[in-house]
Amino acid sequence: MDPRRACWESSSEDVTRPLLPVHEDRPAGRSCCAALGSVLASRYLAVASGPLACALICAPGDLGGHPAARNMLGVLAWVFLWWITDAVPLAVASMAPLFLFPAFGIATADDVAKAYMDDVISLVLGSFILALAIEHFSIHRRLALYITSLFCGDPVKPHLMLLGICGTTVFISVWVHNTPCTVMMIQVATGILQRCPRDQLEAGADARELQRFSKALVLGITYASTVGGMATLTGTGANIILVGMWSTYFPEQRPITFSSWMSFGLPMALILFVALWATLCLMYCTKNTGRVLSAYLDRSHLRRELSLMGPMAFAEKMVLAVFGALIVLWMTRSLTDDIPGWAVLFDGKVGDGTVTILMTTLLFIIPSGKNDGEKLMDWGKCRKLQWHIILLLGAGFAIADGFKSSGLTDILSSGLGFLKGAPALAIAPAVCLFSGIITEFTSDDATTTLVLPLLAELGKSIGVHPLLLMVPGTVGAQLSYLLPTATPGNVVGFGTGYITIKDMVLTGIPMKLAGIAALTILLPTLGNYKNWWHLHCSIMDSNCSHCVLTYFVMMMQVLWFLAWIQEL
């Protein structure tokens, strides 16, 4: 049949249909409710909440004769509401300061744009590209299978298996951002759990043990990636935001370097890792778990999968070589006053981002050894770059600059003067708890961006070193264990279907309390310090034992890594 004729015939059958909609007799209230429901469903209210809050703040008048500070507070409310309500994509909300700051007279377009690309952003960008190279060549999978086969035992020992998998996740997350680390390691976890029939996780014999171990494995990877991210600057965006805001508010102070942060972050991460492993073993492993798992999983299966991957190729070795060299450069750029590090050769003009981009560039130059002309990385493989996180960090730095240039920091400092004389070691755990509560409802990066300017001014108001408050605020923002919305990594783990919100809350509460307790224990070791490098070294203790311990652990990691490569 001619399609035009069919169309005409179908239309002719509906000749009685009115051209305009017929208004049926129905209550007016119902139509209003339907319209209101459509507005709520379309998120228009969430979009309007930002400009509305900004207007309400800016309308009353000057804030103590500081119109720029009033405008800054309104812009902060606008951006933060868009962040927590997901009114627009995170990347779009993070770009809002680019037009809000110039429009409200807070900063020029050039000044606010510079905040979105500096040495710290270069560090994050380069580490993301390196993580993509590791994921592309399945180096993370090879490492996980190798570690798990060593620790699983024969027959299977669930405690050791959790130790191996969670330990591998922590190790990767130390050097790779925690979100891509979670994505990579969850694939390993689901591959292991696929050996256990999914129907056995719901009904049948020993279903309870399989279900509990599945929860432990997914929760372990999800939380271990967060724990490992505390150890270094590249592990999470919150640490990067701390570095940027510290240099913005206190440019005359010694900057926080990769090695100096690790002297504090690594002990913190190790304590939380032990707490995580103990929590998982106590809550989810019983004496029968190993017997049940042995029916579906053993060491030979893992070694068979590892052997199927074949020997380590040239491309994988080159990626690991670039990765190892970058770690060494990070750790040796700035050492102590007596041993300045290699940065002194360039008059201190290079940063951690400098060497990160340099080593990342090598990935686009070194051949992969597979096809003619093929390199280790090409730009097509970088399509999965997490630009939303990079833009979020840039927005955080722009907000920090806006706080200072608008004069809002001076107003906050005068308003917090009543806390002068309060003991810093009593306020710090409360700050950590406060930040830890906020982070459950928004991302850790957004939480850090919000609380650090307040804590910087609080430190100056009560007469203590600002880092003694800014560090607890940063750490508390990373104690996001209770809800899936807290971090993208939690969303990844929750999306597997193996865990529920109840599981996250029951496991996350002990982890959050352990984090606050660990910070409370470690913080008194900071004392009164001359600079950040001595955060773990008392002025009376000149041998810098904590820093020596940090470098000892790092060298043990490097030696173990080289031994693993040689064995493969």
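Between Tyr498 atom OH and Asp503 atom CG the span is 14.0 Å, to the nearest 0.5 Å. In this structure, CD1 in Ile499 is found 4.5 Å from CG in Leu219, a value given to the nearest 0.5 Å. How far OG of Ser368 is from CE of Met377: 11.5 Å, rounded to the nearest 0.5 Å.
One N or O on the side chain of Thr361 and one on the backbone of Ile357 form a donor-acceptor pair closer than 3.5 Å. With Tyr481 contributing its side chain and Tyr223 its backbone, the two residues share no donor-acceptor pair below 3.5 Å. Judged by distance alone, the side chain of Ser173 and the main-chain N or O of Thr169 form no donor-acceptor pair under 3.5 Å. A donor-acceptor pair is defined here as one N or O able to donate and one able to accept, closer than 3.5 Å; such a pair exists between the side chain of Lys512 and the backbone of Gly436. Without hydrogens or angle criteria, Asp119 side chain to Thr354 main chain gives a donor-acceptor distance under 3.5 Å. Here the side chain of Thr248 pairs no donor or acceptor atom with the backbone of Asp401 at under 3.5 angstrom.
Among all heavy-atom pairs drawn from Met262 and Trp175, the shortest one is CE-CH2, 4.0 Å.
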Test side chain to side chain contact (heavy atoms under 4.5 Å, CB included) applied to Trp83 and Ser94, step by step: CA-CA 8 Å; Trp83 274 341; Ser94 299; 3.4 Å; yes

Output, in order, the C-alpha distance, side-chain angles, deciding distance and verdict of side chain to side chain contact (heavy atoms under 4.5 Å, CB included) for Trp379 and Leu385. CA-CA 10 Å; Trp379 195 247; Leu385 273 175; 4.1 Å; yes

Considering only distance and modelled atom types, tabulate donor-acceptor pairs under 3.5 Å from the side chains of residues 128-137, sequence neighbours left out.
unit_1	atom_1	unit_2	atom_2	d
Glu135	OE2	Lys384	NZ	3.2
His136	NE2	Lys381	NZ	3.4

Taking only distance into account, with no hydrogens and no angle test, what donor-acceptor pairs under 3.5 Å do side-chain atoms of residues 267-282 form with protein atoms, sequence neighbours excluded?
unit_1	atom_1	unit_2	atom_2	d
Trp277	NE1	His159	O	2.9
Thr279	OG1	Ala275	O	2.7

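Aromatic ring centres of His465 and Trp246: separated by under 6.0 Å.
Remark: of the listed residues Ile516, Leu519, Val451, Leu519 is the sole one forming a side-chain contact (heavy atoms from CB on, under 4.5 Å) with Pro472.
Applying the side chain to side chain donor-acceptor pair (under 3.5 Å) criterion to Thr474, with sequence neighbours excluded, gives no partner residue.
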